[in-house]
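As structure tokens, the structure follows; a few thoughts come after it.
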Amino acid sequence: MTKGIDSGPSLGLQYTLPGNGPAGLEESVYYIDYQNLRVISLDSQMIILDEASAKVQYEWLEKVLKENTKLWTVITFHHPIFSTAKSRDNKEFRERFKPLFDKYHIDLVLQGHDHTYSRGQNLPRGLSGREASGPVYLVSVAGPKMYKVDGAKWMNVSLENTQLFQVIHIDGKNLKFEAYKTSGDLFDAFSLKKSSRETAAEFTDMNPAAKQ
């Protein structure tokens, strides 16, 4: 009789990860450089649950951002710092890490967890407008488990009960973001343009609904 369940190979056997993150977090905290883009992964679960891990990741992130020579910078993690659900507010996470995102002119922050789609700019008080230094914040859902959006004010665009996937194109100093429904219909789009990593990108809304 089988006494255990084989959970399959570990993540490290499935993917070759860069191993450049903090000790003990190498498979969830790391960065990847591809041409003129740096993609940085943080472990938001550990940031929220463990103060020591939050401190380690903050210090590591600041060093990685200081040493970054790429024009474009994208940060990804699971728990959004601006949520689409009133019952969720990762306030301590936001207050600690958001100043770094602003200081180093992060372009995109890609997040999950809320099982909805939302796109907004740097709106710390829920007001219309954009802080010049801030990134574009995105939350999306790909799987079949979906929730409703219950009215968080930071969003410029939102969608509930819909699965989506995203495509990001980079051509030199221009970045184009597109979000598609699984039907293949384009739901949301915008572009960013920047000439230096020391400055914020210029944002242009290309949402199909905004053109009608």
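Just so it is clear, the structure is predicted and the values come from calculations on it, not from any experiment.
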> Nearest 0.5 Å, what's the NZ-NZ distance between K66 and K103?
Replying inline: 6.0 Å
>> Between K70 (side chain only) and Q35 (backbone N and O only), is there a donor and an acceptor less than 3.5 Å apart?
In response: yes
> Minimum heavy-atom separation for L61 to L42, with atom names?
Replying inline: CD2-CD1, 4.0 Å
> Can you check side-chain hydrogen bond (donor to acceptor under 3.5 Å, both in side chains) on D43 and S53, steps first, answer last?
Replying inline: CA-CA 9 Å; D43 189 335; S53 180; over 6 Å; no
>> Does any part of the side chain of S28, heavy atoms only, come nearer than 4.5 Å to the side chain of L25, both counted from C-beta?
In response: yes
> At their closest point, which heavy atom of L108 faces which heavy atom of P135, and how far apart are they?
Replying inline: N-CB, 4.2 Å
>> I'd like to check the side-chain hydrogen bond (donor to acceptor under 3.5 Å, both in side chains) partners of E62; sequence neighbours left out, ordered by chain and number.
In response: none
>> So, taking the atom named CG in L110 and the one named CD1 in I75, what distance separates them when rounded to the nearest 0.5 Å?
In response: 10.0 Å
> How about Y180 and V167: do any of their side-chain heavy atoms sit closer than 4.5 Å?
Replying inline: yes
>> Using only atom types and a distance under 3.5 Å, with no angle test, would you say the side chain of N36 pairs donor to acceptor with the backbone of L71?
In response: yes
>> Quick check for you: to the nearest 0.5 Å, what is the distance between H105 atom NE2 and D107 atom CG?
In response: 10.0 Å
> Quick one: side-chain hydrogen bond (donor to acceptor under 3.5 Å, both in side chains) partners of S41, sequence neighbours excluded?
Replying inline: none
>> On a heavy-atom basis, which atom in N20 and which in W60 lie closest, and how many Å separate them?
In response: O-NE1, 3.0 Å
> Is it the case that more than 12 heavy atoms not belonging to K176 sit under 6.0 Å from its NZ atom?
Replying inline: no
> K181: what forms a side-chain hydrogen bond (donor to acceptor under 3.5 Å, both in side chains) with it, not counting sequence neighbours?
Replying inline: none
>> F187: which residues meet the ring pair (Phe, Tyr, Trp, His ring centres under 6.0 Å) condition with it, sequence neighbours left out?
In response: Y117
> Taking 4.0 angstrom as the limit, do E67 and R38 come out as a salt bridge?
Replying inline: no
>> For S191, is there any backbone N or O sitting under 3.5 Å from a side-chain donor or acceptor partner on T204?
In response: no
>> For a side chain to side chain contact (heavy atoms under 4.5 Å, CB included) check, start with the C-alpha distance between N68 and Y104, then their side-chain angles and the critical distance, and finish with the verdict.
In response: CA-CA 9 Å; N68 184 19; Y104 291 97; over 6 Å; no
>> So for atom CD, which belongs to E92, do other residues, nucleotides or ligands contribute more than 12 heavy atoms lying within a distance under 6.0 Å?
In response: no
>> I'd like to know if E59 and K63 make a salt bridge, using a cut-off of under 4.0 Å between side-chain N and carboxylate O.
In response: no
>> On a heavy-atom basis, which atom in E26 and which in G21 lie closest, and how many Å separate them?
In response: CG-O, 4.1 Å
>> Show the nearest heavy-atom pair for residues H169 and E178, with the distance to one decimal.
In response: NE2-OE1, 2.9 Å
>> Taking L17's backbone N and O only, do any of them form a donor-acceptor pair with E27's side chain (distance below 3.5 Å, no angle check)?
In response: no
> For the side chain of Q111 and the backbone of L138, is there at least one donor-acceptor N/O pair under 3.5 Å apart?
Replying inline: yes
> Does the side chain of S140 reach to within under 4.5 Å of the side chain of Q166, using non-hydrogen atoms?
Replying inline: yes
> Can you hop from V56 to V64 via hydrophobic side chains spaced under 4.5 Å?
Replying inline: no
> After noting the C-alpha distance and the side-chain angles of L65 and I40, does the key distance pass the side chain to side chain contact (heavy atoms under 4.5 Å, CB included) rule?
Replying inline: CA-CA 9 Å; L65 292 174; I40 301 170; 3.7 Å; yes
> So, W72 side chain and G172 main chain: donor-acceptor pair closer than 3.5 Å or not?
Replying inline: yes
> Is the NZ atom of K173 crowded by more than 12 outside heavy atoms at less than 6.0 Å?
Replying inline: no
> By ring pair (Phe, Tyr, Trp, His ring centres under 6.0 Å), which residues pair with Y31, not counting sequence neighbours?
Replying inline: none
>> I'd like to know whether H79 forms a side-chain hydrogen bond (donor to acceptor under 3.5 Å, both in side chains) with Q45, so could you lay out the CA-CA distance, the side-chain angles of the two residues, the decisive distance to 0.1 Å, and finally the verdict.
In response: CA-CA 7 Å; H79 300 79; Q45 181 80 359; 3.2 Å; yes
>> Give me the atom names and distance for the closest heavy-atom approach of A54 to I47.
In response: CB-O, 3.6 Å
> Mind checking whether R119 and F177 have side chains closer than 4.5 Å, heavy atoms only?
Replying inline: no
> Can you tell me if N207 uses its side chain to pair, donor with acceptor, with the backbone of D188 under 3.5 Å?
Replying inline: no
>> Taking ring pair (Phe, Tyr, Trp, His ring centres under 6.0 Å) as the definition, give me every residue that meets it alongside F97, ordered by chain and number, with sequence neighbours left out.
In response: Y58, F93
